[in-house]
Amino acid sequence: MSAKWKKFLSYYRPYMKGFITDMCLALIGAGTSLVIPLIIRYITGTVLTNGYTGAENTILLLFLLMLGLLAVEFGCNYFIAYVGHMVGAHMEYDLRNELFTHYQKLSFRFYDDQKVGSLMSRVTNDLFEITELYHHGPEDLMISAIKLIGSLIILCTINVSLALVALIPIPFMIVFATILNRKMRRTFKKNREKIAEINTRMEDSLSGIRVVKSFTGEDMEIHKFTEGNDMFLASKRDNYRYMAIYHAVLWCITGLITVTVAAVGATMIGKDALTLQDLIAFLLYINNFTEPIRKLVNFTEQFQNGMSGFERFYEMICIEPDIEDAPDAKLLENVRGDIDFTDVTFSYGGNPTREANVFSHLNLHIDAGEYVALVGHSGVGKTTICSLIPRFYEPTNGTIRIDGKDITSVTQKSLRQKIGIVQQDVYLFAGTVIENIRYGRPDATYEEVVAAAKRANAHEFIMELPNGYDTDIGQRGVKLSGGQKQRISIARVFLKNPPILIFDEATSSLDNESERVIQDSLESLAKDRTTLVIAHRLTTIQNAKRILVLSENGIEEEGTHEELLKKNGVYAGLYQTYS
Ligand code: ADP
Ligand code: MG
């Protein structure tokens, strides 16, 4: 058995009890539904032909028996629908958890190439198809097989020639149902794609609603949306047309079988080749016979869909995170904060347009507790250098060490816990102020959060918010100003309290006043920690003891502000442009 199949079947394991109960009930339900027509045949035949004396009692008994059987069938149907679906829901729950957990493990490089919308649709749409197959598949197969084989055997024992008459339309029915099922599934798939498109459009448009309005793009958005919605309608039209033909024709074939059997059966009764009770039994069985065929045809399609959904799931699960802890990775502890880049070469790789190295053979040393500024033209690779330290990306070549320990020899978790990053675009989660600050350390007390907020110069404005620390800040913090968001993100880092800090253009998008306040809190945060600052406005880093100037050739210049200005090189050029 292939690994994929093993994985596919493994999801049944925790729910074997429920699944087996479901299958047993399906077996019993299908069995009882086969017995009832036999009892009716017995009543109409044996009981009635034996004369009426004493028949009432027998009939009453058999009636009660049939009521009992119906009750059993009712119970089975109820539990199959309930237990079966719950088994499916549990399996879907497991699949979804596994996929989401897997998403959390994948690295930056993976997300660089993905659309959030499509990752989400894998968690919602694809999984539904799989679980439908998981519980309906075996159930339908079982019920259909029993009903089909059982009723076929019973029909043949009653009368072979009449059974053959009932069988004639069956091949046509199978061919027709198969063809139409395929067409319907195709339109269903198209429908889902259209819905996914509509969702992606809508998400994009609503997330960017502020841009839409500022460019007065509402009409264009509505137009684009309506286009997608129209396509949805068109695909629904095909969908329902096929569905209407399918149901009408299958219903018609079933009717045709009934009518033909009735006519042929009546003729046979006339010739004494058949009894009335046999004809009645026959007619009662016809449904037991056509319904499983419909279900089996359905199953082949369900199987294909479910398996292709599972393949998409499996492919995703098989993607190994490209950065993993070494098997013997240790915890990074008691960090002083020396950072060393030795001969580091890096390229984003994978995509031809990114083949070029962002930098090659870079050497860099930062002492523990040092405050170092990194400057250079936009796109030269400053952010990239910073994302190598927490191991968001792996260098193509060379080593990066913290306190002399290769960062690939320690766990990513312990490494990242020691590094605090403040960036230009702040990402805040939907929720309250306190929840967002606590992201820095989930077990922090209220007092610790307030202390962190005070040090980040955020306490005052937070207290002025309608609900203080419990104020809801809207999706991505839309209810706050840029400077306020940045102060919350700094409070988050204060709470985390890491020995190494990276400020990546943390104040670049702010107005002068907020910049000054935030510059203050950044400086108090940087105290006694190793700090790497990237600044766009060079005025903010003039006081740095050491400024590194990055160019296409690596670290091109190094020194204090005054020394570098005297050199009259790259730094002096940047200084004239940006301040
Ligand atoms: P800086 O921060 O100095 O402005 P970056 O480090 O962000 O520059 O980018 C350096 C180069 O790498 C740029 O040419 C940019 O286009 C490219 N780059 C940045 N991020 C990615 C990414 N995720 N995938 C591919 N290329 C990237
Ligand atoms: Mg940058």
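All values below come from the heavy atoms of this structure, side chains included, with hydrogens, waters and symmetry mates left out. Note that ligands are numbered from 1 as they come in the structure, with each ligand's atoms numbered from 1 the same way.
- Residue pairs meeting the ring pair (Phe, Tyr, Trp, His ring centres under 6.0 Å) criterion with at least one member in residues 387-414, sequence neighbours excluded: F108-F392, F108-Y393, F346-Y393, Y348-Y393.
- Taking a cut-off of under 4.0 Å to the non-hydrogen atoms of D112, the atoms of ligand 1 that pass are 22 (C), 23 (N), 24 (N).
- Which of G381, S347, G379 comes nearest to atom 13 (C) of ligand 1 through a heavy atom is settled by distance: it is G379.
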Report, one line per pair, each donor and acceptor closer than 3.5 Å where one atom sits in a side chain of residues 563-573; sequence neighbours left out.
unit_1 : atom_1 : unit_2 : atom_2 : d
E563   : OE1    : T560   : N      : 3.1
Y571   : OH     : H561   : ND1    : 2.8

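- At distances below 3.5 Å, at least one donor-acceptor pair connects side-chain atoms of D325 with backbone N or O atoms of Q412.
- Counted within 6.0 Å of OH on Y93, heavy atoms from surrounding residues, nucleotides or ligands total 12 or fewer; the atom is thus considered open.
- With waters neither drawn nor counted, the protein N/O/S atoms under 2.8 Å from the Mg ion (ligand 2) amount to 1.
- Side chain of E464 to backbone of F461: no donor-acceptor contact under 3.5 angstrom is found.
- Close approach to S378 involves these atoms of ligand 1, each under 4.0 Å from a residue heavy atom: 4 (O).
- Residue Y393 has at least one heavy-atom neighbour below 4.0 Å for each of these atoms of ligand 1: 23 (N).
- Pairs engaging residues 435-454 under the ring pair (Phe, Tyr, Trp, His ring centres under 6.0 Å) rule: F429-Y439, Y446-Y469 [sequence neighbours left out].
- Against a heavy-atom cut-off of under 4.0 Å, T384 is close to the following atoms of ligand 1: 5 (P), 6 (O), 9 (O), 10 (C).
- The pair D443-R441 meets the salt-bridge criterion, with a side-chain N (NZ, NE, NH1 or NH2) lying under 4.0 Å from an Asp/Glu carboxylate O.
- Residues S521 and R455 are not in side-chain contact: their nearest non-hydrogen atoms beyond the backbone lie 4.5 Å or more apart.
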